[in-house]
Each structure stands twice: as structure tokens, then as C-alpha cells.
Amino acid sequence: MPTDLTADVLADRSDAGAILDQRRRNRRTLRVAFGVTITFLIALWFDWTLGYLAPAFAAPLLLAPAAPSLSTMVRILVMTMLVVVAFYFVAGFARAFPFFFLLAMWPALFATLLFMERQGSPLIVLLLLLGLMFQPMVAKISMELSWNVGMSSFWNIGVSLVVTQVMFVVFPPLPGQPKPPTKPKVSDAEARRRAAIMTVITGLYTMAYFGFDWTNVHTPIYIAIFIQQISLAVGLKMTKGIMAANVFAGLIGWGMYELFVMVPNLFFVALLTLTVVLLFARVMTSDSPLAPLAGGALNVLVFLVGSAMISWGDDQTDKFIDRLGEIGMAAIYAIAALVVLQALFPPKPPGPLRRRPGRGGKILAIKDSKGVGSRA
């Protein structure tokens, strides 16, 4: 009899724990879905420069285990403004001395992408990539446009921070909320190898764009967003998954856009956007290996739909097809370059353990080929 009671108590506790975990996930899913949707609608309504990128800034904040504190928000906004001003001057330098800018761009790209590989903030990485890859390019048109593009990042992050705070009030995390999974850490040598590959991918495209005065301005933005996705690729299977996720997001975005054109009503736009984002958020907040792919696909989705909906007109379908083509070409280029470069520069397999003897033959440490050792 006591054994039966103990089993019943353990079963009840297990059920209660499962229910609590489900409630935590549901609340986090709703926070992400409503937060991304509201950010998207605000950007759509006020229509500032590159406002449709705001959801890409909001998603990492909404996925965090807690809302940023007031001091953290102030630091983020101050850092954002400093980056905007710094890259505005970089854009002026690129406008006056394009050759020297292209030389300096390579180490700057490598430092940014190495920071990303070392678990750097996705928010800061995206901000730096947009500043480095985009502001100097539009400065060739005018410095005023470069300033507007830079300030769009400030407004995007500002709106994202405000929406995040509201969402954490409306959907507060329950006690014991686990931290979202992060990208596995790699050795310093592997981080440098991956950062070098990403630098080649982004650097070559940036040089071509800058040198040939290409005008499809959305492609470098997408490269900056997409590079954070392909940094997850550690094999051909994951690379194919990333490509499939982006194709899926493009098709979903196309369907959403066609429905928006048929029913150009803000309430309908809000309802359909929330429904679709909720499905993506459900995967993003799960323990599934597809979670990071869903996050990247959601960025592609809002980027596609938002950039095409900035203004209503007779050429909107052509505009959306143009966006889809630009993103498709950027994705094919980035994936193909990644596959080739990973084949040419594969990761070094862990070598055999080497013993480092001390005095009298005593073993002091054991090291592998990466230099990671432990005391014997």
C-alpha cells in the first residue's frame, strides 16, 4: 500500500511538472508571436526607412528569459547610436576613398563575425553588419540617405525594446523559466575558421555590390540577416535544412502577400500575420533542432512581406517577385559559397591525445590537437 501511494505521488508530481513546462512554453510562444506581430504592424503603419527589419531585432529580445532592465535598455540605445554615428563617418570615408574602405572592410568583417562565432549578441551582430555592409553603399547615393538608413536601426531597436517590455508585462515568465538553448561553443581555432569563411562570403559580395554600383539594395540586407543563419551550418544536412526553411518562408510569404492584396484591411493583415507568426513561434520556443531554422525563416518572412507592403500600388506584385528573386539569388550564392569553402577548408578533426611529461616522467597534462587540456 505505501508503495502504491508513493508511485501515485511521484506520478502526480511528474504530471504537474509537465503541465508547468507546457504553460511556460505556451506563455513564451504567445510573447514571441504577439511581440513580433505588433512590432511588424507598428513598422508597417509608421513606415520609417527599413522599418520592416524591426521584427528581426525584436525576436532575440522576446526569446530572452527576462525583459531587459532599464539600464540595459539605455546601454543598448546608446551603443546603437554610437554605432550609427561611427558608421556614418565610415560611409563618408568610403564615399571619398572607396579603395581604402574596401581594404579596411575585410578585417572589420572578420572581427564582427568572430564576435558572432564567440557567442556574441545577435542584436549587436546584425547592427554591425548592417552598418558595415549597407551604410557605405547607400552613401554613394547621398550621405543623407546613409544617415536615414543608420537611424532606422536606432528606431527599430527602440521600438523592439518598448514592445518587449510590454510583452513581458502581458505574458510574464513563470517561475523556473529555462534559458533558451544557445549555439554550442566551439574552440577558438574553429571559431576563427568559421569566421574566415563567413568573411569571404560577405566580403566578396560587398565588394561586388560596392564596385559595380548594383541597385538591388535589399540583397545586402538579406545577406547580413542570412549570414547569421548559415553560421549554424555544421554539415550538408543542416545547410540543406536552412535552404529548405528559407524556401518555405518565401512561399508562405507569397501566399500572405496575395491575401493582403485581395483584402487590404489592417485588421485582416494583423489577424493573418499573428496566425502565421504564432506557428513559427511555436517551433522557435520548442526544444526541436528546427528552432533556430524557424527563427531564421521568420526573419525572411517578415522581411519579404514588409518590404513589399511599404506602399500600396499597381506594381506591388512585381515588387514582391523582385524581392523574392533578390533573396533567392542571395541565398543560393551564400549556400553555394558555404558548401565550397567548407569543402576546401574542412574543420580539423580532433587529433590523438598527447601526453606532456613533467619531471621524473610524471604526467602533468593531457592535450588534444586544439590545445584543450586537463590535469592528470
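Quantities reported herein were computed from a predicted structural model and do not represent experimental measurements.
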Just do the side chain to side chain contact (heavy atoms under 4.5 Å, CB included) check on V170 and R31 with the steps written out, would you? CA-CA 8 Å; V170 177; R31 186 189 312 129; over 6 Å; no

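- Among pairs with a residue in residues 151-168, those fulfilling side chain to side chain donor-acceptor pair (under 3.5 Å) read W48-N156, at least two apart in sequence or across chains.
- Tracing side-chain contacts under 4.5 Å through hydrophobic residues (I, L, V, M, F, W, Y), one never reaches W45 starting from L271; they form parts of separate clusters.
- At a threshold of 4.5 Å between side-chain heavy atoms, the hydrophobic network of Ile, Leu, Val, Met, Phe, Trp and Tyr places L304 and L251 in two separate groups.
- The hydrophobic cluster analysis finds F168 isolated: no Ile, Leu, Val, Met, Phe, Trp or Tyr side chain comes under 4.5 Å of it, directly or through other members.
- Taking the side chain as every heavy atom from C-beta outward, L44 and V269 approach each other to under 4.5 Å.
- Counting all heavy atoms, side chain and backbone alike, A249 lies closest to A297 at CB-O, 3.2 Å.
- Looking at every heavy atom in both residues, S142 comes nearest to L145 through OG-N, 3.1 Å.
- Side chain of R27 to backbone of P172: a donor-acceptor contact under 3.5 angstrom is found.
- With ring centers used as reference points, Y52 lies 6.0 Å or more from F40.
- Connectivity analysis of hydrophobic side chains (ILVMFWY, heavy atoms under 4.5 Å, direct or indirect) links L279 to nothing; its cluster partners are none.
- When hydrophobic clusters are built by joining Ile, Leu, Val, Met, Phe, Trp and Tyr residues whose side-chain heavy atoms come closer than 4.5 Å, directly or via intermediates, V78 is not grouped with I124.
- F93 is linked by a ring pair (Phe, Tyr, Trp, His ring centres under 6.0 Å) to F97, counting only residues two or more places apart in sequence or in another chain.
- Judged by distance alone, with hydrogens and angles left aside, the side-chain atoms of Y205 form no donor-acceptor pair with the main-chain N or O of Y333 at under 3.5 Å.
- Within the hydrophobic cluster formed by Ile, Leu, Val, Met, Phe, Trp and Tyr side chains joined at under 4.5 Å, directly or through other members, F110 is accompanied by L114.
- Note that the CZ atom of R28 and the OG1 atom of T285 stand 6.0 Å from one another [nearest 0.5 Å].
- Clustering ILVMFWY residues whenever any of their side-chain heavy atoms sit less than 4.5 angstrom apart, transitively, puts V166 in a cluster other than the one holding L70.
- At a threshold of 4.5 Å between non-hydrogen side-chain atoms, the residues V83 and T80 do not count as touching.
- Looking at heavy atoms from C-beta onward, V305 lies out of side-chain contact with W254 at the 4.5 angstrom threshold.
- M73 CE to I157 CD1: the interatomic distance, rounded to the nearest 0.5 Å, is 11.5 Å.
- With side-chain heavy atoms closer than 4.5 Å counting as contact, directly or through intermediates, V162 stands alone and belongs to no larger hydrophobic cluster.
- Closest approach of A94 to P136, counting heavy atoms only: CB-CB, 3.8 Å.
- In terms of heavy-atom proximity, L77 sits nearest to G158 at CD2-CA, 3.9 Å.
- The shortest non-hydrogen separation linking F101 to V90 is CE1-CG1, 4.0 Å.
- Checking side-chain atoms of S146 against main-chain N and O of Q135 turns up a donor-acceptor pair under 3.5 Å.
- Counting heavy atoms from C-beta outward, V36 and V163 have side chains that stay 4.5 Å or more apart.
- Taking every heavy atom of both residues into account, V125 and T112 meet most closely at O-CG2, 4.3 Å.
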Candidate pair R118 and R192, rule side chain to side chain contact (heavy atoms under 4.5 Å, CB included), full reasoning: CA-CA 9 Å; R118 290 173 172 171; R192 288 180 174 276; 3.6 Å; yes

Mind running side chain to side chain contact (heavy atoms under 4.5 Å, CB included) on L128 and M116 for me, showing each step along the way? CA-CA 11 Å; L128 292 173; M116 177 181 70; over 6 Å; no

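- Contact check for M207 versus M105: side-chain heavy atoms found under the 4.5 Å cut-off.
- With rounding to the nearest 0.5 angstrom, the CG atom of L62 is 12.0 Å from the CG atom of L30.
- The ring-ring contact (aromatic ring centres under 6.0 Å, His included) contacts involving residues 54-79 comprise nothing, where partners must be two or more places apart or lie in separate chains.
- Between L130 and L53 there is a side-chain heavy-atom pair separated by less than 4.5 Å.
- At most 12 non-hydrogen atoms from other residues, nucleotides or ligands lie less than 6.0 angstrom from CE of M79.
- The side-chain heavy atoms of L63 and M284, taken from C-beta on, include a pair separated by under 4.5 Å.
- You'll find the side chain of M151 reaches within 4.5 Å of the side chain of M81, heavy atoms only.
- Applying the side chain to side chain donor-acceptor pair (under 3.5 Å) test to pairs two or more places apart or on separate chains, those with a residue in residues 69-78 are S69-S71, S69-T72, T72-R75.
- A donor atom on one side chain and an acceptor atom on the other are found under 3.5 Å apart for R282 and N26.
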Decide yes or no on side chain to side chain contact (heavy atoms under 4.5 Å, CB included) for I38 and M167, but give the supporting numbers first. CA-CA 10 Å; I38 291 172; M167 289 299 101; 3.7 Å; yes

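- Applying the ring-ring contact (aromatic ring centres under 6.0 Å, His included) test to pairs two or more places apart or on separate chains, none has a residue in residues 263-299.
- Atom CG in L82 sits 11.5 Å away from atom CZ in F87 (nearest 0.5 Å).
- Note: L109 CG to T202 OG1 = 4.0 Å, rounded to the nearest 0.5 Å.
- Remark: F115 pairs with no residue by the ring pair (Phe, Tyr, Trp, His ring centres under 6.0 Å) rule, at least two apart or across chains.
- Rounded to the nearest 0.5 angstrom, R194 CZ and T199 OG1 are separated by 12.0 Å.
- For F171, the ring pair (Phe, Tyr, Trp, His ring centres under 6.0 Å) partners are F34, not counting sequence neighbours.
- When the side chains of ILVMFWY residues are joined at heavy-atom separations under 4.5 Å, either directly or via intervening members, V169 and V32 end up in two distinct hydrophobic clusters.
- In this structure Y88 satisfies the ring pair (Phe, Tyr, Trp, His ring centres under 6.0 Å) test together with W147, sequence neighbours excluded.
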